Chemist: 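Structure provided below as C-alpha cells; questions to follow.
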Amino acid sequence: MVEEEGFRRYVAHIILWIGIAIVAFPVYIAFIASTQDNALIANGQMSLLPGGHFFETYYQTIFVGTSGSTREPVGNMMLNSLVMALLIAIGKIAISIISAYAIVYFRFPFRMPIFWIIFITLMLPVEVRIYPTYKIVADLHMLDSYAGLALPLIASATATLLFRQFFMTVPDELLEASRIDGAGPLRFFWDTLLPLSRTNMAALFVILFILGWNQYLWPLLITTRDDMQTIQVGIRKMITTTDALTEWPIVMATAVLAMLPPVFVVVAMQKLFVRGLVETEK
C-alpha cells in the first residue's frame, strides 16, 4: 500500500514537471531571444543558450526604445500599464464593495431590480459597447489620459456579485452588536465589514490587476500618442510586417518585462489570494 502511494506521488510529480516545462519553455525562449543578435534570430540561427547582448538589449528596451516602429522607452509603457491596472483594480473593488454594501444592508425602492440590472451588464463587455464608450470618452476630452484608460473599465458586476454573496454570509449578530455600540452605517462598514473582506479584496485585486494589465483593445483605441501607450500596445507596434525590420531582441525583452509585474503581484499576494478563494469562515 505504501509502495502504491509512493508510485502515485511519483507519477503526479512527473506530470507536474512536464506541465511546468510546457509553460516555462516559451518564456525561456523569449528570454534567450532577448540576449541574441537580431540577425541570428531573423535568419533562424538562434542558439538555445543565452547570448552576449543581455545588458545592451535591456538597457535599450527600458530607457531608449526601438529605432523604428515606436521610439517610446518600454519603461514608460510599463508605467502607463501599471497606473492603468492599479486604477482599474482599486476602482473596481471600491465601487463594487460599496454597491454590494448598499444592496445588502439598505432597504430602498427597486433594490433588487437595480442589482439585476448590474448583473445583466455582465453580458455587455467593453467590446460590445466599444463605439458609444469611445464616443463618450472623446466628447469628454479624455483621450490619451489615464482617466480615459481606466474609467470606462472601472465598474465590475462580477466583483459586486461576489461581495454581495460574501456580505450575505456575515452573521446578523455583528450588525446588531454594532448598533448596540452606537455605530452608524459608515462605522459598521469601516470597522467590521472591511476587515472581514480583506482576503476577498486581495483575491479580487490579483485577478483585476492582471485583467487591467493585459488590456489591449481599449488602450489601442484611445491612445494616439506614443507616450501614453501601454506595454501590450507597444509590443504589437514593435512587430512589423517584415521580419527583417523587426527588432526581435527588443520585442522579446519587452515581452519578458511585461510578465514581471503580474508575476510579482501573484507571488507577493499568494497567501491572501488563496485564502480569499477558499476561506468560508467569518
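Just the heavy atoms: all of them, side chains too, but no hydrogens, waters or symmetry mates, feed the values below. If you're wondering where the values come from, they're calculated on a predicted model, not measured in any experiment. Sequence positions, counted from 1, serve as the residue numbers for this chain.
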Chemist: Can you tell me how far CZ of F188 sits from OH of Y101, rounded to the nearest 0.5 angstrom?
Modeler: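 Here the rounded value is 6.0 Å.
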
Chemist: Determine whether I32 and P50 make a side-chain contact, defined as any pair of heavy atoms from C-beta on separated by less than 4.5 Å.
Modeler: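 Counting from C-beta outward, I32 and P50 do come under 4.5 Å.
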
Chemist: Who are the salt bridge (charged side-chain N to carboxylate O under 4.0 Å, His left out) partners of D139, not counting sequence neighbours?
Modeler: K135

Chemist: So is R164 actually on top of F115's ring, under 6.0 Å and inside 45° of the axis?
Modeler: yes

Chemist: Contact between F167 and L196 at the side-chain level, heavy atoms closer than 4.5 Å - yes or no?
Modeler: no

Chemist: Check for a donor-acceptor pair, side chain of S96 on one end and backbone N or O of I93 on the other, with a separation under 3.5 Å.
Modeler: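 Side chain of S96 to backbone of I93, a donor-acceptor pair under 3.5 Å: no, none is there.
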
Chemist: Please determine whether side chain to side chain contact (heavy atoms under 4.5 Å, CB included) holds for the pair V104 and F163, giving the CA-CA distance in whole Å, both sets of side-chain angles, and the decisive distance to 0.1 Å.
Modeler: CA-CA 10 Å; V104 173; F163 280 122; over 6 Å; no

Chemist: To the nearest 0.5 Å, what is the distance between CD1 on I235 and CE on M77?
Modeler: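 Spacing of CD1 (I235) from CE (M77) equals 8.5 Å.
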
Chemist: Test your reading of the model: is there a side-chain donor-acceptor pair from Q36 to the backbone of P249, 3.5 Å cut-off?
Modeler: no

Chemist: Would a 4.5 Å heavy-atom cut-off, applied to side chains only, mark T61 and M238 as touching?
Modeler: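 With C-beta onward as the side chain, the pair stays apart.
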
Chemist: Can you tell me how far apart CG (L87) and CG (L208) are? Round to the nearest 0.5 Å.
Modeler: 13.0 Å

Chemist: When rounded to the nearest 0.5 angstrom, what distance separates CG in L79 from CE in M228?
Modeler: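 Those atoms lie 9.0 Å apart.
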
Chemist: Just wondering, are more than 12 heavy atoms of other shown residues or ligands nearer than 6.0 Å to CG in D181?
Modeler: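 Yes - once you tally the heavy atoms of other residues, nucleotides and ligands closer than 6.0 Å, there are more than 12.
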
Chemist: For a 4.5 angstrom cut-off between non-hydrogen side-chain atoms, does L82 reach F209?
Modeler: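 Side chain of L82 against side chain of F209, heavy atoms only: contact under 4.5 Å found.
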
Chemist: Report the distance from atom OG of S34 to atom NE2 of H53, rounding to the nearest 0.5 Å.
Modeler: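 If I round to the nearest 0.5 Å, the distance is 11.0 Å.
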
Chemist: Any side-chain heavy atom of T254 within less than 4.5 Å of one from I231?
Modeler: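 Side chain of T254 against side chain of I231, heavy atoms only: contact under 4.5 Å found.
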
Chemist: Quick check: do I118 and I103 have side-chain heavy atoms less than 4.5 Å from each other?
Modeler: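 Yes, side chains in contact.
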
Chemist: Within the supplied structure, the quantity of interest is the number of heavy atoms (other residues, nucleotides, ligands) at a distance under 6.0 Å from F108 CZ; does it exceed 12?
Modeler: yes

Chemist: Between the side chain of R236 and the main-chain N/O of I239, is any donor-acceptor distance below 3.5 Å?
Modeler: yes

Chemist: More than 12 non-hydrogen atoms from neighbouring residues, nucleotides or ligands closer than 6.0 Å to CZ on F110, yes or no?
Modeler: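 Counting other residues, nucleotides and ligands, CZ of F110 stays at 12 neighbours or fewer.
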
Chemist: Using modelled atom types and a 3.5 Å cut-off, is there a donor and acceptor pairing between side-chain atoms of W248 and backbone atoms of L40?
Modeler: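 Not a single qualifying donor-acceptor pair exists.
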
Chemist: Does anything in residues 140-149 pair up under side-chain hydrogen bond (donor to acceptor under 3.5 Å, both in side chains), and if so which pairs, sequence neighbours excluded?
Modeler: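 Pairs touching residues 140-149 that pass the test: N80-Y146, D144-T224.
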
Chemist: Check whether any side-chain heavy atom of L149 sits under 4.5 Å from a side-chain heavy atom of V83, and report yes or no.
Modeler: no

Chemist: Could you grab the distance from atom OH of Y216 to atom CG of L221, nearest 0.5 Å is fine?
Modeler: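 The CG atom of L221 is 9.5 Å from OH of Y216, to the nearest 0.5 Å.
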
Chemist: Looking only at atom types and distance, does a side-chain atom of K92 sit under 3.5 Å from a main-chain N or O of I154, one as donor and one as acceptor?
Modeler: no

Chemist: Determine yes or no for a side-chain-to-main-chain donor-acceptor pair under 3.5 angstrom, with T133 supplying the side chain and I130 the backbone.
Modeler: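 No, the answer is negative, given that no donor and acceptor are paired below the 3.5 Å cut-off.
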
Chemist: Do T230 and T223 come close enough that some side-chain heavy atom pair is under 4.5 Å?
Modeler: no

Chemist: Is the count of non-hydrogen atoms from other residues, nucleotides or ligands lying under 6.0 Å from L186 atom CG greater than 12?
Modeler: no

